[in-house]
Novice: 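Attaching a single structure in structure tokens format; questions to follow.
Just the heavy atoms: all of them, side chains too, but no hydrogens, waters or symmetry mates, feed the values below. For ligands, and for the atoms within them, numbers begin at 1 and follow the listed sequence. FYI, the numbering just counts along the sequence from 1. All of these numbers come straight from a predicted model, not from anything done at the bench.
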Amino acid sequence: MCWGLENRLSRIFQKDNHTIMLAVDHGYFLGPTSGLEVPKKTIEPLISFADSLMLTRGILRTSISSDIPVPIVLRVSGGNSIIGKELSDEDITVSMEDAIRLNVSAVALSLYVGSEYQHRTIINLSRLVDEGEKYGIPVLAVTAVGREMVRDSKYLALCCRIAAEHGAHFVKTYHCKDFRKVVESCPVPLVIAGGKKIPEKDALQVAFNAIQDGASGVDMGRNIFQSTHPVAMIKAVRAIVHKNTSVDDAYNIFNELQSK
Ligand code: 5RP
């Protein structure tokens with residue numbers, strides 16, 4: 001692996017090989033998502049507790065100060081919206097040159113395995129990996145997106161393995177029953193999305209289970225920024241990801257911080 005690419009990955013994955021990524025890219029197809037109506041207001045207080053920020057170039061340029069030390073994972077796929085016909089109808093939306101100008105540490109693209117446009121999104125992943133390898137920029141494949149997918153270990157293992165086979169340097173997926181099978185059959189690190197907002201203790205349990213099952217971290221959005229107390233929540237998730245804290249102790253951290 002080239003030094004630049006390794007160096008960028010080492011900014012995202014900490015010394016314990018774990019990472020807590022804050023996903024705030026939802027607007028690229030959902031518009032002003034609940035909790036992210038004014039991105040700067042939501043993101044700023046959370047930045048210092050994240051190991052990286054996952055977002056689009058529009059929000060990066062307009063809402064994030066250029067002097068932040070936190071590495072950026074730039075979403076570079078899109079082209080559709082929640083009110084469109086077929087979400088999987090995505091393409092690459094940012095050139096590698098612009099990603100480099102923005103000094104990002106990785107680029108992220110969605111892979112729609114089993115959807116109408118799976119072929120295009122898999123080929124786009126391969127093209128992005130070719131470009132990334134040329135300039136030392138790691139590629140994150142975001143799997144299992146789509147309303148109608150059954151997110152079981154068989155499907156998620158298929159998605160993650162296909163992403164890795166096409167050269168993704170790390171993969172974002174969902175936690176599921178028998179998640180270890182997904183981890184074992186994927187030769188690159190996996191991070192999990194949080195999914196729809198659920199009660200804080202349940203979300204902490206998902207993060208805990210994922211780490212216990214071998215995930216390298218979380219790339220969590222709504223369960224952090226839609227929490228009643230987002231800073232308390234990201235700190236509690238952080239304790240699980242980096243300190244191996246139990247769910248009860250992490251929930252105590254959340255409760256103590258939210259009452260301050
Ligand atoms: C959507 C994404 C989102 O950033 C991510 O999945 C959302 O994270 P969360 O589910 O935790 O809100 O990549 O394709």
Novice: What closest approach, in Å, do P187 and R161 show between heavy atoms, and which atom pair accounts for it?
Specialist: CD-CD, 4.2 Å
Novice: Between A239 and T245, what is the shortest heavy-atom contact and its length?
Specialist: O-OG1, 3.0 Å
Novice: Which of the atoms in ligand 1, numbered in the order shown and given with their element, are less than 4.0 Å from a heavy-atom of A23?
Specialist: 4 (O), 8 (O)
Novice: I'd like to know if R101 and D98 make a salt bridge, using a cut-off of under 4.0 Å between side-chain N and carboxylate O.
Specialist: yes
Novice: Answer with yes or no whether the side chains of R75 and S110 bring together a donor and an acceptor at under 3.5 Å.
Specialist: yes
Novice: Is ligand 1 less than 4.0 angstrom away from at least one heavy atom of N223?
Specialist: no
Novice: May I ask you to list the atoms of ligand 1 that are less than 4.0 angstrom from any heavy atom of V142?
Specialist: 13 (O)
Novice: With rounding to the nearest 0.5 Å, note down the distance linking CG in L190 to CZ in F170.
Specialist: 11.0 Å
Novice: With heavy-atom distances below 4.0 Å as the criterion, list the atoms of ligand 1 near M54.
Specialist: 13 (O)
Novice: Please could you name the atoms of ligand 1 that M220 approaches to less than 4.0 Å, counting only its heavy atoms?
Specialist: 11 (O)
Novice: Any nitrogen or oxygen of G221, main chain or side chain, under 3.5 Å from a nitrogen or oxygen of ligand 1?
Specialist: yes
Novice: Could you check L22, L140, T19 and say which one makes a side-chain contact (heavy atoms from CB on, under 4.5 Å) with D219?
Specialist: L140
Novice: With respect to G194, determine whether any N or O atom, backbone or side chain, lies less than 3.5 Å from an N or O atom of ligand 1.
Specialist: yes
Novice: If the cut-off is 4.0 Å to any non-hydrogen atom of K172, which atoms of ligand 1 fall inside it?
Specialist: 2 (C), 3 (C), 4 (O), 5 (C), 6 (O), 7 (C), 8 (O), 13 (O)
Novice: So is K197 in contact with ligand 1, going by heavy-atom distances below 4.0 Å?
Specialist: no
Novice: Of the non-hydrogen atoms in P138 and S105, which two are nearest, and what is the gap between them?
Specialist: CD-O, 3.0 Å
Novice: Please determine if R238 forms a cation-pi arrangement with F49, meaning its NZ or CZ atom is less than 6.0 Å from the six-membered ring centre and no more than 45° off the ring axis.
Specialist: no
Novice: Out of S110, G195, G35, G27, who gets a non-hydrogen atom closest to atom 9 (P) of ligand 1?
Specialist: G195
Novice: For R222 and ligand 1, does the shortest N/O to N/O distance drop below 3.5 Å?
Specialist: yes
Novice: Hey, does K196 come in under 3.5 Å of ligand 1, counting only N/O atoms on both sides?
Specialist: no
